[in-house]
Amino acid sequence: MSAPRLTRTAPAPLVGQVHLGPGAFFRAFNAVYTEDAMAAEGGDWGIVAVSLRSDTARDQMTPQAGAYTSVTLGTARATRVIGAVTQVLVAPEDPEAVLCAMTDPGVRVVSLTITEKGYCIDATTGGLNAAHPDIVHDLANPDTPHSAIGFLVAALGRRRASRTAPFTVLSCDNLPSNGGLTRAVVLDFARALDPELATWIDAQVPFPATMVDRITPATTDDDVADLAETAGYFDPACVVHEAFRQWVIEDDFVDGRPAWEAAGAQLVNSVEAHELMKLRCLNGTHSTLAYLGYLAGYETISDTVACPDFARLCEIMWRDEIIPTVPPPEGEDLTVYCTRLMQRYRDPAIRHRTWQIAMDGSQKLPQRLLGTIADTLATGRVSHGLCLAVAGWMRYVGGVDEAGQPIDVRDPMAEQLKAAATVGDLLALKEIFPPDLARHGGFREAVAEAYAALERDGTRATVRAFVQARG
Ligand code: CS2
């Protein structure tokens, strides 16, 4: 007999937030923190979630009135039904409904998990990519936006016109200075549309930065089936994640926020040090393991670090190449932090696919690997482990694995990457490699040598040779 569908039991909270990007990470992270904050301190902080692309989350959650299950994996496996999301909208179907939600005076925070590519950044300037097809569309059709940026500016414009207080814009994506970056692209868009609106946004709208951390593999059919078997109900919107979570938030909100500190979030004046620590120590080694692990034939991160050479590669990179570039945030011991990271990576219950992490490398490499490499080059040294990771990415985006099988490369720049025939061609992509770095002889040589070793000896042998040489 098939299990009954999950149904909402607790009454839906009154809405206080809109969230753009209702994917697994949001459901495992933002919504869980908000659920806990409301349980602890009350408040009308229910969430209207908005998908900018697909109807999947809406179709999965609407029959459940927005409720879904958070599954904590590992030895402390636990499940709980989350009720913080009250509705899921699909923007392409009804942009007006999204704008109505975002202009509701009761909505005081609009948060985002739209992935790095969702910000339409021009990587060479750090500002808005005005040539991005969604931006071109939205500037010509401001009332029916496609992009998150277009929706933010349209909603803020309506709030200004109706003399409604603005909301706080809270980026929750893995980008350095994600608050300032979001502010920059929103203001660029607003200036192109209505300079007076841009002036108002600049003066009235806070864009606090955040550091977010919870390893959340994509939900599989097996996860849904396991939940149906163990909990006795069908919930296609369930999310699976590790127990660990960390949210560091700049406390700069124009009209209140949920009591996230009651849920364990850290409210600080500046997130910068935490962001750098997490992007370089966690996401830098995550991407390293993703590309080299996939090429070596490992399906998940835990499978990859189960090989002593790959675990040792991480430890050497942290010790010699990453930690020296990261000023420790107050209260953090980076050696302890990285030891804990390796414990998180090793958890076999967290089946985080190398292929999933390998996605969108053109949007991830700069803040995860290249910044660290550039900072180290400035001291006269070359980060050979990180350059091996860059070479691994280059081999990966070549689209063929070591068994000669095709690799399903997912990246906004997939066509350009496929057309790049050599290391030099890839280094010439200014959207990824800053010209100063791409021209640096020590960097070019280290990447080219690593690429040649991967091609000649294979990934496992190359990683082994690296760790044996650097013990
Ligand atoms: C991962 C991140 O998919 C990826 O790129 O590196 O989603 C990572 O799991 C999170 O940042 C962990 O907090």
Side-chain angles (χ1 to χ4, degrees), residues 21 23-33 70 72-74 112-119 171-176 178 209-220 239-249 264-266 271 274-294 298-305 310 314 317-318 322 329 332 337-338 340-347 349-372 386 389 392-393 396-397 408-412 432:
F25 182 77
F26 157 72
R27 302 204 298 273
F29 192 83
N30 301 65
V32 173
Y33 268 101
S70 151
T72 300
L73 298 171
L112 307 98
T113 51
I114 54 176
T115 78
E116 297 88 345
K117 58 182 177 291
Y119 292 84
S171 170
C172 299
D173 283 294
N174 287 317
L175 286 165
N178 51 18
T210 70
M211 182 272 258
V212 296
D213 187 1
R214 171 166 263 185
I215 292 176
T216 306
T219 300
T220 66
V239 287
V240 296
H241 51 76
E242 64 177 335
F244 179 91
R245 71 191 200 190
Q246 183 176 19
W247 199 7
V248 186
I249 309 166
Q266 297 159 259
V271 169
H274 285 93
E275 269 184 350
L276 198 69
M277 172 185 73
K278 196 259 180 170
L279 285 170
R280 291 189 174 186
C281 295
L282 188 157
N283 295 114
T285 51
H286 239 201
S287 290
T288 300
L289 294 168
Y291 299 117
L292 296 176
Y294 184 96
Y298 296 116
E299 186 180 3
T300 68
I301 292 295
S302 59
D303 294 340
T304 306
V305 294
F310 285 80
C314 276
M317 287 174 68
W318 279 321
I322 299 175
E332 291 283 359
Y337 179 78
C338 292
R340 181 89 178 86
L341 282 180
M342 183 54 71
Q343 293 168 348
R344 292 167 65 189
Y345 292 170
R346 287 189 187 281
D347 188 342
I350 312 289
R351 295 196 57 72
H352 203 178
R353 293 178 65 198
T354 49
W355 177 82
Q356 178 186 342
I357 297 166
M359 287 182 187
D360 298 346
S362 67
Q363 316 291 306
K364 296 178 178 179
L365 253 64
Q367 59 272 13
R368 296 183 178 206
L369 303 176
L370 305 185
T372 315
L386 288 161
W393 169 78
Y396 183 88
V397 299
D408 179 8
V409 177
R410 301 288 179 86
D411 193 296
I432 304 169

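Every number for a ligand or one of its atoms is a count from 1 in the order of the listing.
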Quick one: does [X]'s side chain get under 4.5 Å of [Y]'s, heavy atoms only?
{"X": "D213", "Y": "F244", "answer": "yes"}
{"X": "D303", "Y": "R351", "answer": "yes"}
{"X": "P217", "Y": "R353", "answer": "no"}

Exercise. Centres of the H286 and Y345 rings: under 6.0 Å?
Worked result: yes
For this session: Kindly determine whether N30 and F25 satisfy side-chain contact (heavy atoms from CB on, under 4.5 Å), including the steps that lead there.
Result: CA-CA 8 Å; N30 301 65; F25 182 77; 4.2 Å; yes
For this session: Would you mind telling me which of F29, W247, F26 makes a side-chain contact (heavy atoms from CB on, under 4.5 Å) with C172?
Result: W247
Please tabulate, line by line, the atom pairs linking an N/O of ligand 1 to a protein N/O at a distance below 3.5 Å, with the distance in Å to 0.1, or answer 'none'.
| unit_1 | atom_1 | unit_2 | atom_2 | d |
| --- | --- | --- | --- | --- |
| ligand 1 | 5 (O) | K364 | NZ | 2.7 |
| ligand 1 | 5 (O) | R368 | NH1 | 3.0 |
| ligand 1 | 5 (O) | R368 | NH2 | 2.8 |
| ligand 1 | 6 (O) | N283 | ND2 | 3.2 |
| ligand 1 | 6 (O) | H286 | ND1 | 2.8 |
| ligand 1 | 6 (O) | R368 | NH1 | 3.1 |
| ligand 1 | 11 (O) | N174 | ND2 | 3.0 |
| ligand 1 | 11 (O) | K278 | NZ | 2.5 |
| ligand 1 | 11 (O) | N283 | ND2 | 3.0 |
| ligand 1 | 13 (O) | D213 | OD1 | 2.6 |
| ligand 1 | 13 (O) | R214 | N | 3.1 |
| ligand 1 | 13 (O) | K278 | NZ | 3.1 |

